[in-house]
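Notes to accompany the following structure.
Convention: sequence-line order gives letters A, B, ...; per-chain numbering from 1.
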Amino acid sequence: MEPLYQPQGIEDRWQRAWEDEGLYAAEPGSGRETFVVAHPPPNVTGALHTGHALQISVADVLVRWHRMRGFETAFLTGYDHAGISTQNAVERHLAEKGESRNDYGREQFVELVWAWLREYGGTIMNQFRRMGASMDYRRERFTMDDEYVRAVMRFFVHLYGKGWIYRANRIINWCPFHETSLSDLELVHEEVDDALTHVRYPFADEPESGVTIATARPATILADVAVAVNPDDDRWRDAIGREVLVPFVERPVPVIADERVDIEFGTGALKVTPAHDPLDFEIGRDHGLPEPSVIGLDGRMNENAGELAGLTQEEAGGRILDWIKERGLLEKRESYRHTVALCERCNSRIEPLISLQWWCSMEELKKPALEALGSRRVAYHPESQHRYAVDSLENAPDWNISRQIWWGHQLPVWECPDGHETVAETDPDACAECGSTDLTRSEDVLDTWFSSALWPFAILGWPEQTPELDAWYPGTLNTTAREIIRLWENRMIFSGLELMGDVPFRHVIIHTTVLAADGRRMSKSLGTGLDPLDLVDEHGADATRYGLLKMSSSQDVRFAIGAIEEGRKLANKLWNASRLVLGAGPAEGDSSPEAVEERWIYARLDETRREIDADLGAFDFAHAVDRLYHVTFDDFCDWYLEAIKPRLGEPQVRATARAALERLLKLLHPVMPHVTEEIWSHLPDRETPLIVAPWPEPDDRFAADLHALDRVQEARPVYVRSGVRPQFTDDEERIFEIVTKRDRVQGEGNAEAEIERLRQEIARAEGMLANERFTSKAPADVVAAEREKLERYRRELDAIGN
RNA sequence: GGGCGGUUAGCUCAGUUGGGAGAGCACCUGCCUUACAAGCAGGGGGUCGCAAGUUCGAGCCUUGCACCGCCCACCA
């Protein structure tokens, strides 16, 4: 064993060994209590980022802890086909060659995606392995596996049969590049500098007057069907019910009243364009207005734009503004900063368009899910996220589940020439309504999250009633990031309740968001990202896991390399402690603690075991790793090993030290699996690898010795500073002699300062105890503790006086 | 605009029902002590964001304010 612990080489050796020996494997029907984690499937083209690394550290610590405690642990994983994201990756690749998906056609393009995945996909699973994630990789699933596809089809047919999936023409977010609809959750918003144009729409019967509106998109004027004002707005009250002329097209439209119009904004008058704005769409539907469109799927002016057809919106807007200027209708044009919606994948500006899409009604699905959240059958950690989960589910609008991209699960919907819909899990032979055999399948694919929603049970074989499904549903917990709650957690919960009759898991751990060191979000585009594998290369997976867990305290935390370095130090410290213990010679014989320092370390280790159990049980990872650091450095190394060093020649001392080390390794294993397993392998006569060694049982035999070294520990700095030392018992005296052997007394003869310090403490304690309001109102144990302190200070003062 | 989190040592952060302000890193001093200099011992350094309140007592509880951040949001 070299003096410097180097994780490189050691870590991957153990990762292979654990997996090859089947120690990651989960088997249903073992009869043991289960601990099941259906880990969030990364995008199939994805690479490990810091969020993944933290997420997997959190889950793996819990999995390893439970595995050692004898649970049947199923840590399950796989890939998400990630519709738009994957298609976009392949399209970007094509763009580099000057090609687009349209050069291939749908069928060939999908083949291209599969080929792409075979070449570039699936790398992240090996990155999970490099983090030490003890997943059952044999059970890896992909949302495009045949079995999984069948589950998705079953889900669709089921919801359709209940009447909860339907088709409707509504305004949706349209990405002109991908030529697909997107949900609100797939957009990003960006501030842009634009212009706000104030235009007077003349009254049809009084052209010299009119209503002035404000717009940021003059091109949409052509599709105006009304002007709306707030009924409480005195400025425009008289205009309500009159007609104005839409510029350029000179179409008369009504002035209507609607309370959704913001009096404060612009002129207080809103031009209503139902086909190209979500708010206008709602107002239009409520007032029964027509919905003409002038912008096409490519984002340019369509055939309804007459002479402007084919122009870009900017060009058309310019032409319309010219027209308006010429007629003196332009009242004001001012610079205007506002946010616009962009496609999160390609950054194209989103067009709100009316389109025929498939929708999933939330009305019935969300009810049982809300009940499950309300009763905490699904509990959020931290609890503060619970309300957000409930709010977002309560307010969930109907879900647009259809997309017009090519990569994904094609809808199980067929249409005959007469326009009848047939919905079936597998290819139907004939139209369900008219019997026609001339059927065409819908070209739409499903929103990726529609299939993700089934993850916890589809990976177990649903809709087949498999042994895995029996054994592992419902699962135990799910770990994810905050922004995924609406996209995924809520949907897994309602789909699980609907199809399985129970929640998919009991706990949702919302882990910390690790920000870049400068406090900004980590992101590739900002250049603030960080490759966790670089950390693993340099410091080891153990140190990386330790550091990330140490950082995982509050909601957002800045990345600090110091935390990773601390983990590396801990691994190295542990390594060297074991060199001392193992290098001292054979250790046959009795390992029961005898000397006070031996009983003390056993008590400390058991206390730490209790703290770790409590911390991990409460998902407080940062506190757990803090305890592990201190028990290793302070208790085990600096006091226990130092105290027994002179007696390492005695077999019983060595045997006891090995037993203590063994316990320490167990406590550290869930967080730092590799270094602990490596050291464990150097211990003779191990019955099992550490990964499946039993977690330490509670052991209160030496609880009375938990504080046996307190006096010595407190006295040491006083002694070094002043040369003053109290009277000790024989045991304390022995240990004090050992640990202070090389200490240099710095202020010999300078007892006055220490005496003064004690006198101040005594005065403070006496003052508090003399306060009648304190002694009468403070809890009895607090007063008693204060009395004890006072006694102790007096004893110490007496000791120094001697 | 809404929700959530944060503000404690130079930096990153702990601080569990209110009761003597902590850790790691950095810095200073002394030690190459035969496990570890990626070590050991000791030390300096903080009006706990600001203000008011409750209390015998507030980093912790209440109210207000300021600032930072993350997420969400249809002001045309």
message: Is it the case that the base of C4(B) and the side chain of Q555(A) share a donor-acceptor contact (distance under 3.5 Å, atom types as modelled)?
response: yes

task: Report yes if at least one side-chain N or O of K550(A) is closer than 4.0 Å to OP1 or OP2 of G24(B); otherwise report no.
output: no

query: What is the distance from OH of Y629(A) to C1' of A23(B), rounded to the nearest Å?
result: 9 Å

query: Taking S181(A) for the side chain and I172(A) for the main chain, is one N or O donor matched with an acceptor at less than 3.5 Å?
result: no

task: With heavy atoms under 4.0 Å as the rule, sort R744(A) into base, sugar-phosphate or nothing.
output: sugar-phosphate

- prompt: With no angle test and no hydrogens, is the base of A41(B) tied to the side chain of E642(A) by a donor-acceptor pair under 3.5 Å?
  reply: no

Atom-to-atom span, CZ of F633(A) to P of A38(B) - whole angstrom: 12 Å

Whole-angstrom distance between G18(B) and G57(B), as gauged at atom C1': 8 Å

Stepwise side-chain contact (heavy atoms from CB on, under 4.5 Å) test for C637(A) and K573(A): CA-CA 8 Å; C637(A) 293; K573(A) 188 70 172 177; 3.6 Å; yes

- prompt: Which whole number of Å gives the distance between the C1' atom of A26(B) and that of G19(B)?
  reply: 33 Å

field: Who pairs with G53(B) - Watson-Crick or G-U, where each distance is under 3.5 Å
entry: C61(B)

message: Once you apply a heavy-atom cut-off of 4.0 Å, does R217(A) come out as touching a base, just sugar-phosphate, or nothing?
response: nothing

query: Does a side-chain N or O from R558(A) land closer than 4.0 Å to OP1 or OP2 of U12(B), or not?
result: yes

- request: Name the orientation class of the two ring planes belonging to Y640(A) and F636(A) (parallel below 30°, tilted from 30 to 60°, perpendicular beyond 60°).
  value: tilted

field: Axial cation check for F736(A) ring with K741(A), 6.0 Å and 45° limits
entry: no

field: Euclidean distance, atom OH of residue Y640(A) to atom P of C40(B) [Å, nearest integer]
entry: 18 Å

task: Using atom CG of D743(A) as one end and atom P of G43(B) as the other, report the distance to the nearest whole Å.
output: 11 Å

